[in-house]
Participant: 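There's a structure below that I have some questions on.
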Amino acid sequence: MNRIHKLHGSNHHEIGLEHGSLHVFANDEVFGTFEDRVYEMADNNLRIPRSVYMSYTPDAHIGIGTCIGTTAVWGLKDGFVSPSIVGVDIGCGMRVHTTPLHKRDIQDKGVRRALIRAIEKYVPTNERKNSNYEDIDVMEVVQHGLQGLPERYVPGERWLTHVEQASFAFDPAALEYLPPNIRKNAHGQLGTLGSGNHFCEIQYLEIAEEHKDTAAAWGLFDGQVVVMIHSGSRAWGAMLGREYTQVIRGAMQSWGVTNPDPNVIYAPIGSTEGRTYLNLMNSALNFAVSNRHMIAFGVQEAFREVFGPQMELPVLYDLMHNYALKEFHRNQGMLVHRKGATRALPPKHYMNTPAYMATGHPALIPGSMGTSSYIMVGRDEGIKNFYSICHGAGRLRSRRATKQAVTVDQFEQSLKVGTEDEILVNHRSLAAILDECPQAYKDVDQIIDSVVGAGLADVVAKCRPMAAIKGL
DNA sequence: ATGTTC
């Protein structure tokens with residue numbers, strides 16, 4: 001494939017491909033690791049007409065149809081929406097709750113083990129379909145997001161305000177076209193973690209000296225214990241995504257639209273298919289934000305069981321990295337797809353939720369198990385990438401390849417098993433989650449260095465893992 | 001990612 005390479009400044013590359021240009025944000029070390037296949041995928045996606053902008057963050061890696069780590073933008077008037085650029089885990093995202101605890105309060109392994117056990121009790125991880133909240137009407141939640149939750153599950157106003165978006169518009173006319181089993185399968189899944197890379201981690205903060213004012217404004221302090229949650233829309237989003245991908249695939253055939261990659265799926269935003277997809281996607285975003293809310297509710301219950309009923313875990317922020325959002329840029333309405341990309345708005349940007357208007361909002365970036373996660377804040381310069389930064393370390397090896405390349409011993413070493421600083425895990429057997437070991441991921445510090453060096457965002461706090469709860 | 005793959 002012909003490629004024309006331009007360098008726009010530190011860590012910002014523009015690659016001219018056959019069907020348009022792709023921006024890549026990566027330092028030299030990470031940039032050198034991108035293989036031909038990720039450029040081929042971008043080129044196939046650039047065949048979708050009238051693309052305004054497309055980019056990779058440094059964590060980009062192969063996905064179905066579109067790389068995970070893609071930001072892709074179309075004008076609302078004449079643009080396209082693509083279920084394959086949203087991805088299969090619609091509404092997947094991050095959430096952080098602070099605690100009043102210092103890391104020394106939970107340094108004792110017995111205390112941390114008690115916390116893990118308590119969290120497992122309130123946040124089901126290894127059994128399917130056993131939510132503790134079967135009294136919640138899932139249909140209310142998918143239509144109204146957090147507004148659809150019963151009041152007894154909203155511990156405070158802050159739980160509704162410190163989120164990227166509490167509720168997404170959903171037209172109930174679509175209810176009669178839902179896949180037949182979706183209610184049955186999604187019922188009982190609210191407040192459950194799911195599997196794969198989803199997790200709940202207990203971490204402590206290292207505040208970045210240059211941004212300690214922002215950290216203080218957010219209520220963060222050095223050594224503070226926080227809880228980070230990574231989960232999505234579970235079966236609800238998966239079933240909708242799969243079904244509607246097939247619908248649009250059929251529509252593309254009837255329109256005579258083809259792509260070299262059969263997994264690149266798209267429809268005009270204004271078409272019946274496009275509008276219906278966005279409507280259904282919104283129901284999955286509502287499920288996803290409510291699911292993370294209920295996981296956090298369970299985590300707070302668990303902390304109360306261990307530390308007493310007065311324990312409060314205020315939400316820092318909840319935001320997603322798999323969706324397509326209508327945003328206003330360059331004086332016009334745009335549809336911004338983020339597939340494994342996180343919005344990071346700078347201070348004073350109008351799209352900030354009011355609570356974070358002055359400072360910009362926390363952008364929550366997970367590492368891999370055993371490595372650091374990050375709490376970041378966007379910079380004004382981030383506009384060059386439509387305020388998108390990375391979504392994590394990014395997978396380096398497939399699950400299969402990881403299981404072949406890495407031993408359980410090596411995994412144990414990376415978790416410092418047997419030492420005072422051991423990162424405790426809920427699973428008795430690490431073999432079961434070997435495909436989630438740090439060796440399966442890129443070096444998150446290189447990813448963060450790429451983002452900071454490109455001027456997209458700054459680090460406010462580094463989050464060091466102390467205990468991890470993973471689903472199966 | 002997912003009650004998983006026509």
Side-chain angles (χ1 to χ4, degrees), chain A residues 59-70 82-95 123-131 134 138 142 178-200 229-253 261-263 265 277 280-281 283-292 295 320-324 337-342 366 368-369 391-400 402-403 432-433 435-436 440-441 469-472:
Chain A
D59 49 333
H61 62 95
I62 301 292
I64 301 168
T66 304
C67 284
I68 293 146
T70 297
S82 166
S84 50
I85 309 186
V86 171
V88 288
D89 190 6
I90 302 171
C92 184
M94 304 303 303
R95 185 177 182 99
V123 184
T125 52
N126 48 12
E127 282 171 79
R128 288 174 173 169
K129 209 180 165 187
N130 70 338
S131 162
E134 303 225 1
V138 169
V142 298
L178 292 174
N181 284 331
I182 194 165
R183 293 167 201 242
K184 183 161 69 77
N185 291 343
H187 179 73
Q189 289 199 321
L190 273 175
T192 64
L193 209 45
S195 61
N197 59 1
H198 292 169
F199 67 78
C200 171
I229 293 160
H230 181 192
S231 189
S233 55
R234 310 289 278 105
W236 184 273
M239 290 185 76
L240 277 186
R242 191 163 51 242
E243 164 130 338
Y244 223 71
T245 292
Q246 287 307 334
V247 170
I248 296 191
R249 199 191 297 275
M252 285 170 72
Q253 271 167 15
D261 185 343
N263 290 315
I265 303 289
Y277 173 74
L280 295 174
M281 179 196 75
S283 76
L285 301 184
N286 281 332
F287 190 102
V289 65
S290 304
N291 184 39
R292 284 187 298 273
I295 291 169
M320 316 226 200
H321 49 236
N322 285 354
Y323 57 32
H337 298 67
R338 294 191 181 89
K339 181 182 191 181
T342 308
S368 57
M369 257 182 93
H391 83 301
R395 193 162 269 281
L396 183 67
R397 295 185 172 90
S398 70
R399 296 187 183 279
R400 236 172 78 112
T402 302
K403 283 178 176 164
I433 51 171
D435 51 354
E436 282 293 314
Y441 288 89
I469 292 101
K470 298 280 288 182
L472 270 186

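Both backbone and side-chain heavy atoms feed into the values below; hydrogens, waters and symmetry mates do not. Please read these numbers as outputs of a predicted model, since none were measured by experiment. Each chain gets a letter, A, B and so on, in the order its sequence line appears, and its residues count up from 1.
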Participant: Taking 4.0 Å as the cut-off, does a side-chain nitrogen or oxygen of A:Arg242 come that near to OP1 or OP2 on B:dT5?
Facilitator: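 So the side-chain polar atoms of A:Arg242 do come within 4.0 Å of the phosphate oxygens OP1 or OP2 of B:dT5, strictly under.
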
Participant: Under 4.0 Å, heavy atoms only, any strand: does A:Gly237 hit a base, just the sugar-phosphate, or nothing?
Facilitator: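 Counting heavy atoms under 4.0 Å across all strands, no contact is made by A:Gly237.
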
Participant: To the nearest Å, give me how far apart CG (A:Leu240) and P (B:dT2) are.
Facilitator: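 Spelled out: CG on A:Leu240 to P on B:dT2 is 14 Å.
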
Participant: Starting at the 5' end of DNA chain B, which residue's closest nucleotide do you reach first, A:Glu436 or A:Met239?
Facilitator: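 Whichever sits nearer the 5' end wins; that is A:Glu436.
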
Participant: Whole-Å distance between B:dT2 C1' and A:Phe287 CZ?
Facilitator: 12 Å

Participant: I need the CG-C1' distance between A:Asn181 and B:dT4, as an integer number of Å.
Facilitator: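 Taking atom C1' of B:dT4 as the reference, CG of A:Asn181 is at 14 Å.
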
Participant: Any idea which heavy atoms bring A:Gly340 and A:Ile68 closest together, and the distance?
Facilitator: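 Minimum heavy-atom contact is CA-CG2, 3.9 Å.
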
Participant: Find the distance A:Asp435:CG to B:dT4:P and express it as a whole number of Å.
Facilitator: 19 Å

Participant: In whole angstrom, what separates A:Leu472's CG from B:dT4's P?
Facilitator: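 Whole-Å distance recorded here is 18 Å.
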
Participant: Which heavy atom of A:Lys339 sits nearest to which heavy atom of A:Thr66, and what is that distance?
Facilitator: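 Heavy atoms of A:Lys339 and A:Thr66 come nearest at NZ-O, 2.7 Å.
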
Participant: Restricting to salt bridge (charged side-chain N to carboxylate O under 4.0 Å, His left out), what partner residues turn up for A:Arg242, sequence neighbours left out?
Facilitator: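 Applying salt bridge (charged side-chain N to carboxylate O under 4.0 Å, His left out) to A:Arg242 gives none.
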
Participant: For A:Gly196, which contact category applies under a 4.0 Å heavy-atom criterion: base, sugar-phosphate, or nothing?
Facilitator: sugar-phosphate

Participant: I need the CD1-P distance between A:Ile182 and B:dT4, as an integer number of Å.
Facilitator: 12 Å

Participant: A:Asn185 has an atom CG; how far is it from atom P of B:dT4, in whole Å?
Facilitator: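 So the CG-P distance, A:Asn185 to B:dT4, works out to 7 Å.
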
Participant: Check side-chain contact (heavy atoms from CB on, under 4.5 Å) between A:Leu396 and all other residues, then give those that pass, not counting sequence neighbours.
Facilitator: A:Lys442

Participant: NA contact type, A:Arg249, heavy-atom cut-off 4.0 Å: base, sugar-phosphate, or nothing?
Facilitator: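 No contact.
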
Participant: Could you state the atom-to-atom distance from CD of A:Gln246 to P of B:dT4 in whole Å?
Facilitator: 14 Å

